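Here is the structure we will look at, set down as structure tokens.
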Amino acid sequence: METFGKRYHPPGTPPGTLSRHGTGGVTRIRLFEYDDKQFTETPAPTPAQCQKAAHNTQADWLDVTGVHDPTAINALGETFGLHPLALEDILNSGQRPKVDFHGQYTFLILNLPHLVDDEITLEQVSLFVGDGHLLSFCSGDGTAFEPIRARLRQGFGRIRTRGVNYLLYTLMDVVIDCAFPVLEELGERIETLEEQVLENPDQAMLNTLHQLKRDLLLLRRALWPQREVISRLIQHDGELVNAEMRPYFGDCYDHAVQVIDLIETYREMLSGMLDIYLSSVSNRMNDIMRVLTIVGTIFIPLTFIVGVYGMNFEHMPELKWHNGYFGVWGIMIALAVAMLAAFKWRKWL
Amino acid sequence: METFGKRYHPPGTPPGTLSRHGTGGVTRIRLFEYDDKQFTETPAPTPAQCQKAAHNTQADWLDVTGVHDPTAINALGETFGLHPLALEDILNSGQRPKVDFHGQYTFLILNLPHLVDDEITLEQVSLFVGDGHLLSFCSGDGTAFEPIRARLRQGFGRIRTRGVNYLLYTLMDVVIDCAFPVLEELGERIETLEEQVLENPDQAMLNTLHQLKRDLLLLRRALWPQREVISRLIQHDGELVNAEMRPYFGDCYDHAVQVIDLIETYREMLSGMLDIYLSSVSNRMNDIMRVLTIVGTIFIPLTFIVGVYGMNFEHMPELKWHNGYFGVWGIMIALAVAMLAAFKWRKWL
Amino acid sequence: METFGKRYHPPGTPPGTLSRHGTGGVTRIRLFEYDDKQFTETPAPTPAQCQKAAHNTQADWLDVTGVHDPTAINALGETFGLHPLALEDILNSGQRPKVDFHGQYTFLILNLPHLVDDEITLEQVSLFVGDGHLLSFCSGDGTAFEPIRARLRQGFGRIRTRGVNYLLYTLMDVVIDCAFPVLEELGERIETLEEQVLENPDQAMLNTLHQLKRDLLLLRRALWPQREVISRLIQHDGELVNAEMRPYFGDCYDHAVQVIDLIETYREMLSGMLDIYLSSVSNRMNDIMRVLTIVGTIFIPLTFIVGVYGMNFEHMPELKWHNGYFGVWGIMIALAVAMLAAFKWRKWL
Amino acid sequence: METFGKRYHPPGTPPGTLSRHGTGGVTRIRLFEYDDKQFTETPAPTPAQCQKAAHNTQADWLDVTGVHDPTAINALGETFGLHPLALEDILNSGQRPKVDFHGQYTFLILNLPHLVDDEITLEQVSLFVGDGHLLSFCSGDGTAFEPIRARLRQGFGRIRTRGVNYLLYTLMDVVIDCAFPVLEELGERIETLEEQVLENPDQAMLNTLHQLKRDLLLLRRALWPQREVISRLIQHDGELVNAEMRPYFGDCYDHAVQVIDLIETYREMLSGMLDIYLSSVSNRMNDIMRVLTIVGTIFIPLTFIVGVYGMNFEHMPELKWHNGYFGVWGIMIALAVAMLAAFKWRKWL
Amino acid sequence: METFGKRYHPPGTPPGTLSRHGTGGVTRIRLFEYDDKQFTETPAPTPAQCQKAAHNTQADWLDVTGVHDPTAINALGETFGLHPLALEDILNSGQRPKVDFHGQYTFLILNLPHLVDDEITLEQVSLFVGDGHLLSFCSGDGTAFEPIRARLRQGFGRIRTRGVNYLLYTLMDVVIDCAFPVLEELGERIETLEEQVLENPDQAMLNTLHQLKRDLLLLRRALWPQREVISRLIQHDGELVNAEMRPYFGDCYDHAVQVIDLIETYREMLSGMLDIYLSSVSNRMNDIMRVLTIVGTIFIPLTFIVGVYGMNFEHMPELKWHNGYFGVWGIMIALAVAMLAAFKWRKWL
């Protein structure tokens with residue numbers, strides 16, 4: 001999971017100041033222009049091409065991935081008239097999901113979780129939807145959107161005929177559904193851990209449990225607000241989610257709720273497992289103590305008895321008895337048997 | 001309880017893509033057409049019969065069980081004009097209960113819990129209610145609806161005279177009431193476990209407790225939203241729940257609340273039992289330690305004393321005393337008695 | 001507290017099916033007709049008398065106790081035009097408190113807790129208030145209402161002059177106030193337990209604590225919804241709670257809130273006591289271990305020393321020294337004193 | 001803190017029945033009549049004087065302390081036309097804070113906490129505010145209001161010129177601010193306890209902690225509803241809190257919120273301290289066990305070795321070796337050093 | 001973190017009484033007058049200058065730092081017509097963040113956290129915004145506002161052209177963003193602690209953990225209400241937050257929510273770490289006990305055996321056997337090996 005690196009300006013910096021964050025990735029811009037008849041893909045559009053796209057009647061998708069370059073973002077912001085604070089949010093990844101309704105466009109921030117080398121990674125997806133065009137900014141390499149790009153290119157399904165609102169839905173649907181494989185992976189780890197804890201708990205599991213708990217905590221923090229975002233989008237009195245689009249966004253909302261539901265369920269399961277782990281440890285301790293106690297309480301008195309007859313007093317009558325030695329053995333065996341019976345009766349054996 | 005299997009499409013799949021889920025069960029379709037005078041049951045209706053039923057004035061119940069076949073579902077969807085996303089939800093069982101109000105019909109998803117070989121199993125029931133017809137889709141074999149089918153066939157009670165709204169109520173009532181026998185079974189298991197924990201706690205109970213907790217957690221996740229679903233159904237400004245039907249759906253709502261209430265009560269009881277279990281284990285540990293301590297603290301000093309007179313120094317005056325041996329016994333008995341008295345005083349005995 | 005017996009119909013039973021529940025008690029019906037001038041009490045009214053009472057201008061109270069007989073309830077239901085689902089709720093005691101506003105009457109279910117042989121028992125009280133008449137159904141023997149019957153007979157206070165709304169208030173007031181003696185009893189048990197836990201904790205207290213927790217849990221479940229019931233009654237736009245009656249029902253509401261407040265306070269106190277209990281047990285364990293450790297760590301090294309001089313080597317120079325024996329005693333005493341000092345310094349003594 | 005004594009009528013008592021509660025204190029009535037020009041204080045007003053005051057144009061404050069006498073309260077109730085249920089609430093101290101808006105007056109109940117001999121005590125303050133007069137009833141001796149009486153007598157500040165609404169504010173302000181010294185005292189106790197727990201935890205602290213927790217629990221129960229009371233007072237559409245008075249009551253509200261905030265913060269701090277205490281106890285146990293283990297594991301094997309050479313077998317070659325004794329010492333020292341090294345390595349030393 | 005010192009008047013003090021709180025710091029007043037053309041900074045304005053500024057058309061910022069002097073505050077209050085209760089709040093630092101809408105101005109209290117010598121310190125910032133002027137009062141030395149003063153002096157960015165509403169935003173933005181470096185520092189401490197706890201838990205970490213928990217608790221109490229304050233500011237129907245300013249204050253709100261989110265996440269992480277710590281301690285205890293048990297259960301029986309042959313009975317046949325000694329060694333070694341095997345089998349080794 002992401003560490004908590006610096007993702008803020010020094011307090012007092014003027015708003016809308018864009019600075020370079022993150023290290024890796026190449027910024028890549030793709031422009032898709034389409035309607036039910038035509039489809040154009042421009043791999044690296046010039047500002048002029050963007051400008052033209054911003055004013056034509058076709059649906060446009062400006063698909064920006066690997067967002068780290070303030071200059072490029074600033075240029076796009078000016079072309080499409082985006083608010084400087086929104087641009088700041090795009091560059092400072094690690095924002096909380098939100099939706100803002102500006103006059104001419106709607107601005108959304110979502111978190112797309114995916115697994116990189118078994119590590120949960122969050123990619124920030126920022127979306128602007130305006131009149132006939134949609135801008136998407138991914139902080140990562142945006143491979144999650146590849147199926148949508150393919151559907152656009154192939155003209156498969158309804159996607160080319162329905163405009164940017166439908167495109168917004170497909171993008172949001174992808175972002176939200178990406179949580180399912182991640183949660184499935186976590187769910188499998190939890191089930192594996194659960195079996196181990198019930199069978200043979202050890203300290204290493206505790207660290208795994210702690211790691212899973214932390215992952216879920218950060219995942220919850222990143223995904224919880226998305227439900228609210230979609231809900232506000234649906235309830236907003238705009239033309240973005242009209243009667244035709246409502247079932248689609250409603251479906252998105254259901255999935256977001258299911259994601260939260262799963263996270264909460266997993267969290268409660270982990271809490272329960274910690275209890276199991278701790279009481280298993282208690283039980284083992286109990287077992288260990290029981291053995292020590294049984295051995296100790298049987299042999300300590302016997303050792304005392306043999307010690308008695310190891311004393312060197314001149315006058316010890318028992319030592320002279322012919323069967324003294326065997327008598328002592330008899331007493332000791334009787335004592336040991338009595339103690340074992342007492343333990344049996346107390347159910348310690 | 002159900003495991004968390006794959007129940008989602010790969011992210012990026014076009015919405016409304018129907019694919020085959022689940023393994024067992026045969027899809028079976030039955031068509032009931034009835035009013036207060038007539039009753040017809042068609043075991044395996046053809047699309048044409050369905051089409052005809054969709055337009056006549058009689059109340060129709062299209063009762064589909066064992067839903068696993070995308071083709072059949074798709075055909076029905078086209079006949080009755082159902083939304084592709086709703087069809088997707090029907091096939092991907094494991095959905096969260098919900099109600100959607102589309103223009104011409106109301107779409108409900110509910111979870112029907114029942115016991116199969118002492119295992120809690122969830123069956124997804126999807127309901128479409130439109131103008132004069134009701135479609136029900138069960139992910140399982142739908143035996144829970146058998147009494148209703150029987151009441152329809154026999155014309156017993158008000159069921160034939162009241163149209164599909166009343167039929168919707170009877171189906172929902174069955175779905176919700178099915179939770180009671182399941183919860184009663186869980187309640188009995190909890191009571192049994194409680195007695196065992198109070199009498200003689202052991203590690204196996206912990207696993208039972210964990211299993212019960214997990215069952216309740218998943219049951220809560222499946223049934224909690226049903227209260228909201230019925231509440232939204234009642235508050236919706238439609239003709240579905242009119243003044244006459246309100247007491248019936250209100251009764252349904254009360255039952256859904258009682259189910260949640262019971263689940264929460266059981267959960268709190270289990271939490272309390274874990275505390276009892278853990279402190280019982282602590283108490284046993286205490287008992288064991290006490291015995292070890294008593295035996296140890298009495299005999300360790302005595303063993304030291306006998307060790308002293310086992311030393312081989314040439315010059316040890318006590319060894320020559322005539323009553324030395326008996327004197328040592330006297331001292332040791334006095335010491336043991338004093339220690340026992342101290343333990344008695346500390347209430348360790 | 002009540003066990004979780006079967007209180008539901010098999011799923012799929014037609015709504016409004018009345019069946020016999022419970023075992024004890026005789027159903028007893030009393031009819032009170034009164035206004036500011038007249039008062040009539042009919043011990044076992046005939047249906048005709050009920051019918052007459054239902055239509056006269058006097059205030060009528062039909063007081064039914066020991067409700068177990070479906071036939072009698074059904075007959076009353078038809079006389080007064082009650083909804084079959086409401087009749088079902090009356091017979092199946094163990095319902096959640098609720099209020100339903102039907103057109104002509106208001107239907108309330110409340111829970112009346114009382115102590116029977118130191119056990120908390122819940123009696124279900126169902127009330128119908130219609131135009132000038134009130135029907136009350138107690139699942140138990142209804143002795144809690146005896147003071148009200150006496151006040152009606154004696155014409156004491158305002159009760160005869162104010163109609164059924166005031167009668168409804170007096171009945172609800174009794175039902176809610178009955179929780180106070182029960183909670184007082186629980187409060188006393190909690191205080192007794194608290195003293196014991198702080199003084200001398202043992203395993204039996206844990207079971208008492210568990211029992212109290214469970215009682216409070218079930219009491220909360222039974223009484224919590226009553227606040228909501230009264231609140232909805234007050235906010236309902238009907239003539240039941242008019243300006244004059246509002247302070248009375250407001251007083252009822254305050255008492256219901258106080259009951260919940262007390263239950264929550266008790267629950268938190270019990271949680272705190274469990275912590276105290278567990279750490280007391282830890283502390284005792286600590287004490288026991290400390291004694292064992294002190295005795296063990298002092299005598300184990302000493303026993304080793306005496307063991308050394310109990311060895312039978314031919315060549316052990318110390319054994320021949322004249323003061324060897326006393327020298328060993330000196331060393332051992334010095335060692336013991338040093339260890340005691342170390343324990344003192346570590347504050348273990 | 002107050003014990004849970006009987007403070008309720010037997011269920012079924014007619015509403016408004018006044019009975020004597022509490023034991024100590026003398027009922028004392030004072031009447032203050034004032035406007036910006038005049039000021040009269042009547043120490044023990046006759047009913048006629050009260051009657052007159054109820055109808056003049058001056059602001060009147062009828063200040064009743066030590067409320068235990070039903071007759072006097074009843075007489076006042078009739079003079080000023082107060083509702084019998086409100087009078088009942090005044091006498092039964094221990095009510096939950098509330099505000100009731102009757103037609104002609106507003107009725108408030110508040111709790112005034114103060115310290116008596118280091119014990120937290122709650123005094124119930126009941127206030128009636130009507131057209132130009134205010135009645136206050138304290139269940140205690142009302143010393144908390146002495147500064148206000150002094151300000152009225154001296155005519156200091158705005159108090160004489162502003163009417164009863166301002167007087168209501170000053171009284172409420174005193175009641176709410178009285179929580180601060182109490183909380184400061186609790187805060188100091190918590191800080192002292194915290195230092196002790198971190199330094200040297202013992203069982204007595206646990207009882208102090210439990211006592212503090214209980215005090216905070218009961219204080220929270222008594223003060224939590226006051227926020228709601230002031231909030232409802234401010235939001236009520238009456239002339240009581242007009243535009244001019246709003247900042248004053250707003251200030252009251254802020255203080256009530258601060259009180260609750262502090263209580264919650266203290267509660268969380270106590271929870272944290274219990275964790276610290278418990279783990280400190282665990283740690284001490286650990287320390288004790290470690291010492292026992294080190295001593296035991298070093299000397300038990302050594303004692304075995306010396307035991308070996310204490311055996312009396314006729315044929316034991318080592319006993320005859322000239323340096324056998326010193327050789328055994330060498331082995332034993334080597335063993336002890338090896339064990340100490342192992343403990344060092346495991347960081348037990 | 002701040003201690004809980006006296007910050008309240010004795011109950012009963014007239015409202016608006018100003019008294020001196022705090023000890024350090026010099027009160028410093030600066031007046032900034034600016035519009036898009038002019039800029040004047042007056043380091044220590046006279047009352048007349050303030051008076052003049054209050055009525056001119058330029059935007060004025062009266063920047064007061066180190067607020068401890070009642071006389072100066074009172075004079076400013078009279079010049080600008082501020083409510084006495086607001087002045088009281090300014091002087092009594094430690095207030096809860098809030099917003100009050102008085103007729104002519106809006107009054108805000110915020111908390112500015114910063115680190116002084118690794119200690120979290122809260123500075124109270126009180127803001128009055130009226131028609132064309134803004135007054136800010138810092139309880140500390142106000143260095144956090146230095147970048148804004150610099151931007152005003154240099155005329156950099158939009159700050160001079162936008163009036164006091166924009167100035168209000170910049171100040172609030174600074175106050176809220178100041179939490180990020182503090183939280184980053186806490187986050188780093190938490191991560192360090194987490195590594196230590198997982199590697200090598202000891203008692204000192206517990207105190208660090210407790211300290212972090214307490215810091216977060218007090219930080220939450222101080223910063224939580226700020227979200228509500230900004231939200232109320234945005235929703236207020238005034239000209240303060242107009243359409244142009246909304247995105248800026250919305251950004252502020254997002255940051256306040258992120259701060260709370262981080263605090264909650266840290267709190268949950270600390271809770272998780274306590275569990276880890278406690279179970280690590282349990283595990284270590286387990287390890288220690290295991291060693292003691294293994295050593296004890298192996299050597300206690302062996303010591304008994306050698307004790308047997310140390311007895312001095314005259315008739316002990318084994319002592320005379322030629323290989324008795326070696327036979328005993330054989331038995332003892334076999335016993336020890338058997339026990340080690342048993343431990344291995346139980347997975348204690």
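All values reported here derive from a predicted model rather than from experimental measurement. Just so we're on the same page: letters track the sequence lines, and every chain starts at 1.
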| said: To the nearest 0.5 Å, what is the distance between CD1 on Ile305(B) and CZ on Phe304(A)? | reply: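 Answer rounded to 0.5 Å: 8.0 Å.
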| query | Hey, what do you get for NE2 (His255(A)) to CZ (Arg96(B)), rounding to the nearest 0.5 Å? | reply |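 Rounded to the nearest 0.5 Å, the NE2-CZ separation comes out at 12.5 Å.
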Between [options], the one whose heavy-atom pairs under 4.5 Å with chain B are most numerous:
options: Gly296(A), Ala243(A), Ala179(A), Cys178(A); result: Cys178(A)
options: Ile294(A), Asp275(A), Thr297(A); result: Thr297(A)
options: Leu278(A), Ile300(A), Asp261(A); result: Asp261(A)
options: Ala150(A), Pro301(A), Ser280(A); result: Pro301(A)

Which region of [X], side chain (C-beta onward) or backbone (N, CA, C, O), has a non-hydrogen atom less than 4.5 Å from a non-hydrogen atom of chain B, or is it both or neither?
X: Phe145(A); answer: neither
X: Arg246(A); answer: neither
X: Glu146(A); answer: neither

Of all of [options], which one pairs up most often with chain A through heavy atoms under 4.5 Å apart?
options: Asn207(B), Val295(B), Thr303(B), Ile288(B); value: Ile288(B)
options: Ile298(B), Leu206(B), Asn312(B); value: Leu206(B)
options: Lys213(B), Lys320(B), Met316(B); value: Lys320(B)
options: Tyr277(B), Tyr325(B), Phe299(B), Trp224(B); value: Tyr325(B)

Structural part of [X] lying under 4.5 Å from a heavy atom of chain A:
X: His83(B); value: side chain
X: Arg267(B); value: side chain
X: Phe107(B); value: neither

| Does a salt bridge link Arg221(B) with Glu268(A), judged by any charged N lying under 4.0 Å from a carboxylate O? |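 Salt bridge flag = no for Glu268(A) with Arg221(B).
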| request: Taking only Lys NZ, Arg NE, NH1 and NH2, and the carboxylate oxygens of Asp or Glu, determine whether Arg214(B) and Glu191(A) approach each other closer than 4.0 Å. | output: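 Yes, this pair counts.
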| pair Gln95(B)-Asp254(A): side-chain heavy atoms closer than 4.5 Å |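 No, every pair of side-chain atoms sits at 4.5 Å or beyond.
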| query | Side-chain contact, heavy-atom cut-off 4.5 Å: Val328(B) with Val308(A)? | reply |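 They are not in contact (no side-chain heavy atoms under 4.5 Å apart), so the answer is no.
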| said: How close do Gly324(B) and Phe313(A) get, counting heavy atoms only, and between which atoms? | reply: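 Looking at all heavy atoms of both residues, the shortest contact is C-CE2, 3.5 Å.
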